[in-house]
2 protein chains.
Amino acid sequence: MTAPRAPRTHGPRERMVFAAAQLIRRDGVGATGMREIAARAEAPRGSLQHYFPGGKEQVVNEAVAWAGRYAGRRVDRYLAELTESAARAEGGRPTPGALFAAMAQQWIDEFEAAGFTTGCPVAAATVDSTASTPSAREATAAAFTAWTTPLTAALTSLRVPATRAPALATLMISALEGAILMCRAHQSTAPLTTVTTELAPLLDAAAVS
Amino acid sequence: MTAPRAPRTHGPRERMVFAAAQLIRRDGVGATGMREIAARAEAPRGSLQHYFPGGKEQVVNEAVAWAGRYAGRRVDRYLAELTESAARAEGGRPTPGALFAAMAQQWIDEFEAAGFTTGCPVAAATVDSTASTPSAREATAAAFTAWTTPLTAALTSLRVPATRAPALATLMISALEGAILMCRAHQSTAPLTTVTTELAPLLDAAAVS
DNA sequence: CCAGTATTATGACGGCCGTCATAGGCCGCA
DNA sequence: TGCGGCCTATGACGGCCGTCATAATACTGG
């Protein structure tokens, strides 16, 4: 997304941003080293200097921004999938609770497949580097916005009134992020399923008939 | 609470654990140094070695455990305060939503006073060191348990059925932790107030008449 | 007062970090 | 064929880290 057109196979720069995001969400910002990023991306260490003259700060900020965009795109995709399957099966419209369930399920699948080793990179960056440079904090804010905005739009398309959609989007992301934390701590997907179950009636009730 | 009776003034050991918790919640685990902990506690650097032969891992784990116990005690205190004031004013009983509001307000006050520089140490430890030693992860799990358990009990005493109280406690802590993250990122207390408002009806509806 | 333990104090060591400097390879274009 | 850019490669530097070793000091019980 930095370039208008991505190279046919992901270029080294893109690979490094992606590798940084992966490492950050596993180990946190502080414990992620530049050398490690280059190694993970199978990119030369010198290229980090070349593509990211701003140093580690720039790499981390781009990784966080990428993660925010990714989360936003996932929301759009879930909405499209749910809308299609709901229309085909019952001729109806999916509920906000089903959208949240899809978002949570993504994490449950990942935890079950990868074993609670990784969390949300935006959360990691928020915790780790709020106190550091202002640009790092701004990057996390932008990432949350890039996630909240499509989610708000999705809720609106699910007949949630425009006055409540932003608040519910904030609630959904908050609950999801917190549940992810608890899942990692307890090494269990239970918090995510619990939150999904408990939140569903509230979310569904917000959609006007 | 490590010792049955605390020394009249907090001893150096206790001060170091406290200082570690403060630094962790501001900078994260990785960015918090042993020398910094000692300096903040106004304790000699050699005492860290003496009181914590397990090294940084031990200090961090004790700080996280302390934070969990602290959060649990806060829940008990809020419940007591709300119960008393509700009984005096209306002769009634406080609602679960009011309990959540009290928990959130603590953070709002802190953010407004200290400027979004600090978050929850348990969240920081979870993000930073899930991948490191197993004991660190266990410490975060124990901390969440030390928080969830009193909260579940509090909900039960507010007439939430025992079958739903644990789930609601998980939801409350998840939403609170996530909202704290978003507040820090956006440098605004809005997420906390939003979550409090949106969650209140759900929580209150769970209390049987 | 003395012995012995608890605490404090300080310096050194090895390791990893992010960054910089400096070459070396590579490829398109004249 | 040569030249000028992008990219790659590699080593060095200073700094901070956690830990260890070794004292010096304070305190308590006899």
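If you're wondering where the values come from, they're calculated on a predicted model, not measured in any experiment. In the text below, chain A, chain B and the rest are named by the order of the sequence lines, each starting its count at 1.
- A/R45 places its CZ atom 12 Å from the C1' atom of C/dA21, with the value rounded to the nearest Å.
- The 12-atom threshold is not exceeded at CD of A/E42, counting heavy atoms of other residues, nucleotides or ligands nearer than 6.0 Å.
- Along DNA chain C, the nucleotide nearest A/G55 and the nucleotide nearest B/A43 are compared for position; the residue whose nucleotide lies closer to the 5' end is B/A43.
- For A/E110, the salt bridge (Lys or Arg N to Asp or Glu O under 4.0 Å) partners at least two apart in sequence or on another chain are A/R25.
- What separates CZ of A/R15 from P of D/dC7 is a distance of 13 Å, to the nearest Å.
- One atom, CE of A/M16, and another, P of D/dC7, lie 10 Å apart when rounded to the nearest Å.
- In terms of position on DNA chain C, the residue among A/P53 and A/E36 whose nearest nucleotide sits closer to the 5' end is A/E36.
- Once rounded to the nearest 0.5 Å, the distance linking CZ of A/R74 with CE of A/M103 reads 10.5 Å.
- Distances shorter than 4.0 Å separate none of the side-chain N or O atoms of A/S47 from OP1 or OP2 on D/dC7.
- Across the protein-nucleic acid pair, A/R35 atom CZ and D/dA12 atom C1' stand 11 Å apart, rounded to whole Å.
- When the P atom of C/dG18 is taken as reference, atom CD of A/Q49 falls 11 Å away, rounded to whole Å.
- The distance from atom OG1 of B/T194 to atom CE of B/M182, rounded to the nearest 0.5 Å, is 8.5 Å.
- If B/E57 and A/Y51 are placed on DNA chain D by their nearest nucleotide, the residue sitting closer to the 5' end is A/Y51.
- If you take NE2 of A/H50 and P of D/dA9, they are 13 Å apart, rounded to a whole angstrom.
- A/M34 has its CE atom 23 Å from the P atom of C/dG15, to the nearest Å.
- Distance CZ (A/F52) to P (D/dC7): 12 Å, rounded to an integer number of Å.
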